[in-house]
Structures are given as structure tokens and as C-alpha cells.
Asks: 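Input: one structure, supplied below.
Protein chains get the first letters and strands the later ones, always in sequence-line order, with residue 1 at the start of each.
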Amino acid sequence: MRGCDGTLWPSLPCSRFLLSSSALLALSSCGGRQSALSPAGEDAAAIGTLFWVTLAIAVVLFIAMNALFVFAIRTRTFTLDPETARWILVLGGIVLPTVVVGGLLVWGLSLLPDQRQPGDGLRVRVVAEQWWWRVEYFPEGAEEPIVSANEIRFPAGQRTELVLGSDDVIHSLWIPALGGKMDMFPGRETFISLRPTEPGIYRGQCAEFCGASHAWMAFEAVVMEPDAFDAWLAAEAEDAAEPVEGAAARGRDLFLAEGCGACHAIRGTDAIGQVGPDLTHVGSRESLGAGRLGVTLDDFATWIAHTDDLKPEVEMPAYDHLTDAELADLAAYLGGLE
Amino acid sequence: MTRPTHPPRPDEDRREFSEEAASLWRITFAPVVWAGHFVLCYGIVSLACIRGLMPIAATRAGLVAISVAALVAIGWLGWRSFRQWDTAPDRAANVGETEGRHAFLGHAAFLLSIISAIGVVFVTLPLLLIGDCR
């Protein structure tokens, strides 16, 4: 089980932890990759602290209320005079909740502007589609974007601006381990900025129901050391590598012959479609089908042949008429696009 | 409430309820101010931020002033209601006793002004803590 080495209760052995309470299990979600409780960035850490303090207050109030309840029905041997009772009601029923909720509200609201701060240079435009993500990187000063899809990479320790939109229905971008979330509307731009601190691969998820495959609309959020990020972005800006011979070359010919390029773009080839995700460097990504599968060659073949099973109502037709050999060639080509 | 000692008169109801008609207005006043303040805040901020009809700094200052006015209005009403409750001859003297109509309406209006004031403050907080449209 992944993530039982999480930061919540590090001293507890995994099995004991799992048995201890299903509620705690749900709370921890037993994995840091998509958990707001395992923050990997400044923004998520702030939200995490707010959560734990809110939880602590709630637990204290719950215990105190139950203690009072037991006291009132079991232990109490006297009658309060009406004036005292009234003050208990006013202080405990009006003043205390107002102050506690007001304090948490002030704290929570004061966190919001932090996630709207200007970034340190990099701007990423993310446009949600049913059910995937267009991703465009604008390094500082860039006019033209570096186009990618279904994965957002961040330089660690820097604040990255995310400009969000949607092409069809309302979606929402949420990377729990890094911060957020922020809704994405057709015809409107929204903005959020995140400052991840821990390099690693986290998981983002559409957080607004957006149709049949909403649950499968995810992505990998990759936080890299700044130098590695710069190298990766430079590679991402390049055209696709041209396969010379063998399976990959056959796969490229098949890709073009099957008309894949009507929907997908692979820079440096005749494939310039804009309907589906850009595949120029799909082989270097951490997932396929917007977080649906891994990126082994088998995953590529499975995805191409069974899109509608893996992602109900997805626009891309399943290419189940291709032979296994053809699928393997396509997989070799796409997997090689690093 | 005292039992009538005379035969009914044609305008008796109107006279008896004339003051309570004002009470009924009073009881709705505070929540209406809260609701109006809420709609104004959301509507005007949307016009400023989404439509760009006016600068957000001036909008914010104007809405904070409106919030203060709303709180003053609710405070005044709350005081009136408190007096209506506190000085009512039919106010319940002890816990468990029935409250007369006049005292009850004042009491309810007073409590509603408290919750309305809290509502107005909570709606105003984003204006104070989030400085711009982002």
C-alpha cells in the first residue's frame, strides 16, 4: 500500500495504522501523491495547517459538548439559576461560535491572496477539455507558448502562475499536495499561483463534475529542481524526434495513414490537429489519457485500442481494428516521442 | 393579554394590532438589510471585477461604507427591538413562562438583528482581507 510512510503518523507500523481506524485511513487517504494532508508546497502547507487547527478545535468542542451533556444528565445535582443559564446560552451559544467561526474565516480568507500572488516568471496556461488538459508554458518574456498536454511541470521553490480556462463545461483544477483549487469556466479566465517546494510527482484531478469521464480527468503534476526543469522545458520546446527505421518508423507512417494527425499535433510532422492532446513529447510524460494509464508500450497499445472502455464517452474512437503488430508499432513510435 | 370586558367593537382588531404591524416590519428589517447588503456586495464586485465597470479600490471603499451603514441600521433596529422586548409589560418574568405577543416580537427581532449583524460582518470580511479582484 502506497503512502503508509506518509508524514502523518510516521511511528505507527503500516498494518496497525490501517487497522486502527477506517476514518483515519480516509483522512490520510493513505498516500501523499494526491493528499492535501501531505503538502509538498507552500500553499498546501498553509491550507494543511488551517485544516489541522480547525480539526483540533472541532475535536475539542465535540469532546467538551459531550462532557457537558453527560454532566447535565448524569452528574448534575443542582439547578442553575435562570440568570446563569441565560449567560451560558449567550456566551456558549452566540459569542463562542461567532468568535471561533469568525476567527477561522479571517484566517482562511487571509490565505486566499497568497495563492493569487504574482509568480516568479513562469506562466502556465491550462485549458480544460472533456476530459483532458491543454497545457501551454510561457517562460518569462515568451510570446509564443511551448505546447504540451495532460501534465503540468513546476520548478521547485518558484511561484508559478496558472492561467485557467475551459473549452466546454465548467471544470476545476486541483493539485491537493500543492494547493488550490480553482474553477475553470468557458469564456472566462481564472488565476492561481502555486509554489511547490518538494520535487516529486503528484496527482491533480478535475474537481468539478464535468461529464461521464470526470473521474478519469486527472494529470500528473511534476515538481522538478529548477535546473532540471529548465532542461526539460528546453527539450519540450523542440520538435518531435524523427524515427529512422524499424517499429517506430512504421508506427509514424501508421499514425499519419490512420488520420491521427487530424486531431493530434506532433510538431515537426504533418500532424497538426488541435482537437486532442498535443503528442509531440508524449513519450516523456508520466501518464496516458490524462492520468488514466501508465506509459509503458503496453499502455499505449491498450489506450489506442480501448479508449471508450477506459474513458466512457471520450471523443477519441477506439482503434480496435488495428492488429496487435500495428498497435505495437504505434506504441513504439509514440513511446519514443521523448 | 387581558380578557376583554366589553362587547366586540368594529375597529378593535385594527387598533389592537396597529402596533404589532410595526413590529412585523421591524422583525423583517434586519434580515432584509443583511440580504440587501449581500446582494449589493456580490453584484457590485462582479460588475467591477468581471465587467470592469469601476475601479476595484473605489468599489471596495464604497462597499465598506455601505457595510458600516448596514451595521448602523441593524444596530439601531436591534436597540429598538431590545427596548420593545425589555420594557414590554407582557415580557416573561421567568424561564418557562409564556411570552406575550408584543414582547415576543421584540425578542425575535432583537435576536434576528444579532444574527444579521454577524452575517453582514462575515460578508464584509472578504472586502477587507482580499484587496483586489484576484
Side-chain angles (χ1 to χ4, degrees), chain A residues 43 46 50 72 79-119 123 159-165 170 179-194, chain B residues 30-31 34 37-38 41-42 45-53 56-57 60 63-64 67 71 74-75 78 81-82 85-86 91-99 103-104 106-134:
Chain A
D43 311 278
L50 176 63
T79 307
L80 287 175
D81 67 281
E83 195 61 16
T84 311
R86 184 170 296 131
W87 277 109
I88 289 177
L89 284 178
V90 167
L91 291 176
I94 299 178
V95 176
L96 181 70
T98 305
V99 169
V100 170
V101 173
L104 288 172
L105 182 64
V106 167
W107 185 7
L109 285 170
S110 72
L111 296 182
L112 282 179
D114 296 343
Q115 284 197 44
R116 312 284 185 278
Q117 293 174 61
R123 183 161 51 94
R159 186 160 284 281
T160 297
E161 297 181 357
L162 295 166
V163 181
L164 309 175
I170 299 177
K181 63 200 171 188
M182 179 56 75
D183 283 0
M184 310 166 86
F185 305 93
R188 219 184 108 185
E189 255 182 12
T190 48
F191 179 89
I192 189 171
S193 71
L194 294 174
Chain B
W34 172 18
H37 174 261
F38 184 94
C41 283
Y42 274 71
V45 166
S46 301
L47 290 176
C49 286
I50 307 298
R51 296 286 174 213
L53 293 185
I56 184 64
R60 199 172 151 219
L63 285 176
V64 170
S67 305
L71 283 175
I74 291 173
S81 320
F82 177 75
W85 170 47
D86 201 40
R91 183 185 170 173
N94 292 301
V95 174
E97 284 179 15
T98 311
E99 202 163 45
F104 168 77
H107 195 178
F110 174 60
L111 293 178
L112 279 169
S113 17
I114 293 177
I115 192 92
S116 301
I118 295 170
V120 168
V121 169
F122 279 14
V123 172
T124 308
L125 282 174
L127 282 170
L128 300 175
L129 292 167
I130 302 174
D132 53 26
C133 288
R134 283 180 300 167

Asks: Can you label the angle between the B:Tyr42 ring and the B:Phe38 ring as parallel, tilted or perpendicular, going by 30° and 60°?
Replies: parallel
Asks: Which word best sums up how the rings of B:Phe110 and B:Phe82 line up, parallel for under 30°, tilted for 30 to 60°, or perpendicular for over 60°?
Replies: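 If you compare the ring of B:Phe110 with that of B:Phe82, the planes turn out tilted.
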Asks: Does A:Arg159 come within less than 4.0 Å of A:Asp43, counting only side-chain N to carboxylate O?
Replies: yes
Asks: Which atoms of A:Ile94 are under 4.5 Å from chain B, going by heavy atoms: the side chain, the backbone, both sets, or neither?
Replies: side chain
Asks: So what's closer than 4.5 Å to chain B heavy atoms on A:Leu109: side chain, backbone, both or neither?
Replies: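 Both backbone and side chain of A:Leu109 come within 4.5 Å of chain B.
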Asks: Counting only non-hydrogen atoms closer than 4.5 Å, does B:Ile130 touch chain A with its backbone (N, CA, C, O), its side chain (CB onward), both, or neither?
Replies: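 When you check distances to chain A, atoms from both the backbone and side chain of B:Ile130 fall under 4.5 Å.
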Asks: Measure distances from A:Pro97 to the heavy atoms of chain B and classify the residue's part below 4.5 Å as side chain, backbone, both or neither.
Replies: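 A:Pro97 has no heavy atom closer than 4.5 Å to chain B.
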Asks: Can you tell me if A:Gln117 uses its side chain to pair, donor with acceptor, with the backbone of A:Ser193 under 3.5 Å?
Replies: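 No, the answer is negative, given that no donor and acceptor are paired below the 3.5 Å cut-off.
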Asks: Which atoms of B:Ile50 are under 4.5 Å from chain A, going by heavy atoms: the side chain, the backbone, both sets, or neither?
Replies: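 Contact with chain A involves the side chain of B:Ile50 alone.
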Asks: Treating A:Arg123 as the side-chain partner and A:Glu161 as the backbone partner, does any N or O pair qualify as donor plus acceptor under 3.5 Å?
Replies: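 A pair under 3.5 Å: no.
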Asks: Non-hydrogen atoms of chain A under 4.5 Å away: do they reach the side chain of B:Ile115, the backbone, both or neither?
Replies: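 Neither; nothing under 4.5 Å.
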